[in-house]
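Below you'll find the structure, written out as structure tokens, and then a few comments.
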Amino acid sequence: MTHPFLDLPPLSAAHFASVEDGVARLLRTEQDVVIMQGEALLPLEGAIRATAGPGTTALNVITGPYGQTFGDWLRDCGATVIDLAVPFHTAVTAGQVREAFAEHPEIDFVSLVHAEAATGNTNPVAEIGEVVRAHGALFYLDAVASIGAEPVLPDAWGVDLCVIGAQKAMGGPAGVSAVSVSERAWARMAANPLAPRRSYLSLLDWKERWIDGGRKVLLHAPAQLEMLALQACVERIAAVGLDAVMARHAAAAAATRAGALALGGGLEPYVRDAAEAAPVATTLRVPSGTVAAELVARALAADPALPLAAGGGALAKEMIRVNHYGSEAAPGAVRASLAALGAALGEQGPGVDVEAALRAADTAWI
Ligand SMILES: *Cc1c(COP(=O)(O)O)cnc(C)c1O
């Protein structure tokens, strides 16, 4: 008997190209889309190593842990890096980016994370894109946590390198990712002697050996399972409608925020301004004297399937993440998360009202 996962035929070049076209439609882009055979960190790193070198002056915006990583890669490439770090409870503004250009007109590369699943904020990419374009810098965007949860429009926003992964709001697997690449970005890579070539990290290999050859011959055997899953994921979003998928994430974020505020017990939205809170995940600040990781552990002990996590690293003390993305962007997951957090908080004191939290969440779910 054939096994559904194991006895797969090789994925053809035409099939591979059709999945790329599906991703391009999702991104509403005319740019080349390269699907990479690995988790999103592969194109995130590959795109930086391809475009940055000792001649690069990079403005690296840090609104969460990924920005930190991008700065490390940029420095490793020999780039001069200007870090623009903003507190994790807020978003960066276009004005801050404009000021950075005024101070350092030599900036020719900007790296930015769109939405941060790890810290719960989302940045105004359209406005920032206008500033970046006005100065002619190359614009690199990590849209892994925003694609599917809010609009991601690389062409309209002037993004030169837009990286996505399927594992968050797209509701897909973690093993495949994609990047859209502008003509300007290809030219920068071609002129960069340090850009990876004949390497798994190489975007130029895909340009020269796949795209320029008319997408007839693949570079290596593609990961069939992941490609089939990515295709299914893109087709499901198209069938439901991208707008409906995004609306579900926005509703989950609004309901979680409203529910947490109504819950009491000292829990507060971590991102202070709702307009800067990411639709993909909601972060909450625990009351002083409470350790977030311990509260989350108590909530998960009651139901290990809940989409709850403590913040990473030093944030584990003060931050709770409600990861309401993909199939968890649903009223049931939000309600169950609020109820479990309420029960865990209630163990340590009065003033917690789970019924009020659920009512507020239901009202906010539109
Ligand atoms: C999730 C995510 C990634 C991918 O990283 P993993 O930790 O491997 O899931 C990259 N960038 C951002 C902004 C993300 O939220």
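Counting convention: from 1, in listed order, for ligands and their atoms alike.
Residues in residues 114-136 take part in these ring-ring contact (aromatic ring centres under 6.0 Å, His included) pairs, two or more places apart or across chains: F101-H135, H114-W157.
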With side chain to side chain donor-acceptor pair (under 3.5 Å) as the criterion, how do E116 and T63 come out once you've worked through the C-alpha distance, each side chain's angles and the decisive distance to 0.1 Å? CA-CA 7 Å; E116 297 269 10; T63 54; 2.9 Å; yes
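Enumerated by chain and number, the residues approaching ligand 1 to less than 4.0 Å through a heavy atom are E39, L44, Y66, V113, A115, A117, D142, V144, A145, Q167, K168.
In this structure, a donor-acceptor pair under 3.5 Å is present between the side chains of T90 and E276.
The ring-ring contact (aromatic ring centres under 6.0 Å, His included) search around Y270 returns none, not counting sequence neighbours. H220 pairs by the ring-ring contact (aromatic ring centres under 6.0 Å, His included) definition with Y200, W206, not counting sequence neighbours.
In summary, E20 and R215 engage in a salt bridge, as defined by a charged side-chain N under 4.0 Å from a carboxylate O.
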